[in-house]
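Below you'll find the structure, written out as structure tokens, and then a few comments.
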There are 2 protein chains.
Amino acid sequence: MDESLPEAATAAPAAAPSPAPPKGTVTQRAIDQIKAMIGEGRLEPGARLPTERDLASQLGISRSSMREAIRALTVLGVLEARHGSGIYVTQLEAGDLLETFGVVADLSRGPRLVELLEVRRILESTATALAAARITADQLAEVEKHLTAMNATDDPEEILSHDLAFHRVIAGAAGNETMAAILDGLSSRTFRARVWRGYQEEGAFERTRREHAAIHRALVAHDPEAARAAAAAHVGEVEEWLRAQLQP
Amino acid sequence: MDESLPEAATAAPAAAPSPAPPKGTVTQRAIDQIKAMIGEGRLEPGARLPTERDLASQLGISRSSMREAIRALTVLGVLEARHGSGIYVTQLEAGDLLETFGVVADLSRGPRLVELLEVRRILESTATALAAARITADQLAEVEKHLTAMNATDDPEEILSHDLAFHRVIAGAAGNETMAAILDGLSSRTFRARVWRGYQEEGAFERTRREHAAIHRALVAHDPEAARAAAAAHVGEVEEWLRAQLQP
DNA sequence: GGAGCGAAGTGGTCTGATAAATATTCCTGG
DNA sequence: CCAGGAATATTTATCAGACCACTTCGCTCC
């Protein structure tokens, strides 16, 4: 019967500064609080966090919930847990935080693949244009290395690998690490493997080779506009092919 | 002694297709396996997963570890847990998966903020150009609504809110949901609030107003090139200001 | 047939314990 | 005094079991 009154005696002992904003789950709150600590600068990149137990008691939650929060921030690339050592804030660099971008590419299908390629075309053409203006001799040599290696083999795996590296070096030469990291995610292995499985079976090898050569020529000539056009055409070819595939 | 030969007796009862690839933590493995299930189409968008308990025993791990895996995929926007109901795969649309993009903007500092603005400038200018060609009368009306509302108040909070909506409608009119979702992340509330705190104190209100008007004119005229230029200049202004701030 | 209720199912949280990897301390021998 | 290594302490990784909160659905009763 009537044994329990909703409110009453349970005056929480530790309701100090934060009047316990009861939004969402405790785990979500923990995630937000840790993010806030980093955002406000209370935790520098590379800093070591208190132990799981300390953090848990500090926020008034159980260790299980705290572990879920930590795990979530780990997959986001914000934290890094080292077994036996502790939990650390990553360097919060573009590569750390944008690694999850690959998940988007891996799980997207149908029309969204075309949209992703459109984004890649826009960013890649601009990045290649910037690279044409800024690329150094060393970087250019590396581009050539992957270009020749790509043309010297017939193994699709190896071609794909050098193709990815080819574009990665170019993106790096553009001087915008964030853009390079995004492009890396948009070119993730499984994403390209999926699209190219069919594309390369239509004799696209030769065309791809010519397009890469055009990009390389533009880089050598330090001609941003030619580089932009060549890169846009390169991605656009795949984009158009994929668009056609979706309307049988 | 010599009691242990590497292989031998422990013929696991359920070591059927996957010979237990012992890479990383069990939780990470669980994350990968669930991702694989979705990637291979064994789990459609919107589908309901087995219960935590079933999934855990199915993969041979404890419920705690399985919960961490689920939580991780939840913050990535891949899964959605409904208390008392079950765990479901999201629709895997751009908005779901790219929500995490906001944390990049929120946690970035210094030079990376400039890089993010550069990416935004590239995408936003292209999106605005596309919108100029494709925008409908209804969408144009909504753009105007936010434009006038923005100019009718002095409350920074309200201005920021309508500013975000202004660009969001334009991005939506460009017809690429993925690009719109990325731009949304690049314009997340806390990100812009941080940058604009200083920017708007330098009498940038009037300039911002003129830039928005220019974008709007280009949209009305359905002039992609003008729209591209206006949008690029708009973001570029903030970008340049921020770049200058970093070299005192 | 419909409204209300209650039991079963399911995610959310907590507690406690053990294993594994790492960090620290301290002892020993030169 | 110092170098090396073993014992010890710290910390994350994982597991197990319990209880609570919310949802769902079937059942009863009107």
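For clarity, every value in this text was computed on a predicted model and none was experimentally measured. Labels below follow one simple rule: chain letters A, B, ... track the order of the sequence lines, proteins then strands, and each chain is numbered from 1. All values below come from the heavy atoms of this structure, side chains included, with hydrogens, waters and symmetry mates left out.
- What separates CD of B/Glu52 from P of D/dA16 is a distance of 15 Å, to the nearest Å.
- In this structure, CD1 of A/Ile70 is placed 11 Å from C1' of D/dT11, rounded to the nearest angstrom.
- Per the geometry, CZ belonging to B/Arg53 stands 13 Å off P belonging to D/dC19, to the nearest Å.
- Atoms CD (B/Glu68) and P (D/dT14) sit 7 Å apart, rounded to a whole Å.
- The shortest side-chain heavy-atom distance between B/Glu52 and B/Ile87 falls under the 4.5 Å cut-off.
- Taking only side-chain nitrogens and oxygens, B/Ser85 never comes nearer than 4.0 Å to OP1 or OP2 of D/dC22.
- In terms of position along DNA chain C, the nucleotide closest to A/Thr27 lies nearer the 5' end than the nucleotide closest to the other residue of the pair A/Arg82 and A/Thr27.
- Closest approach of A/Gly46 and A/Gln91 over heavy atoms only: CA-OE1, 3.6 Å.
- Residue order along DNA chain C, read from the 5' end via each residue's closest nucleotide, puts B/Arg48 first among B/Arg48 and A/Tyr88.
- Side-chain nitrogen and oxygen atoms of B/Ser64 include none within less than 4.0 Å of the OP1 or OP2 phosphate oxygen of D/dA16.
- In the interface, the side chain of A/Arg63 is not paired with the base of C/dG16 through any donor and acceptor atom under 3.5 Å apart.
- In this structure, A/Ile61 places its CD1 atom 14 Å from C1' of C/dT15, rounding to the nearest Å.
- In this structure, B/Arg67 does not reach the C/dG11 phosphate: none of its side-chain N or O atoms is under 4.0 Å from OP1 or OP2.
- Among the candidates A/Leu107, A/Val104, A/Thr100, the single residue satisfying the side-chain contact (heavy atoms from CB on, under 4.5 Å) test with B/Leu76 is A/Thr100.
- One can place CD of B/Gln28 at 11 Å from P of D/dA13, the figure rounded to the nearest angstrom.
- Put simply, NE2 on B/His83 is 13 Å from C1' on D/dT24, counting in whole angstrom units.
- For B/Ser187 (side chain) and B/Leu183 (main-chain N/O), a donor-acceptor pair under 3.5 Å exists by modelled atom type.
- Between the CG atom of A/Leu59 and the P atom of C/dC14 there is a distance of 11 Å, rounded to whole Å.
- An OP1 or OP2 oxygen of C/dG9 is reached within less than 4.0 angstrom by no side-chain nitrogen or oxygen of B/Thr51.
- Pairing each heavy atom of B/Thr178 with each of B/Ala94, the nearest pair is CA-CB, 3.7 Å.
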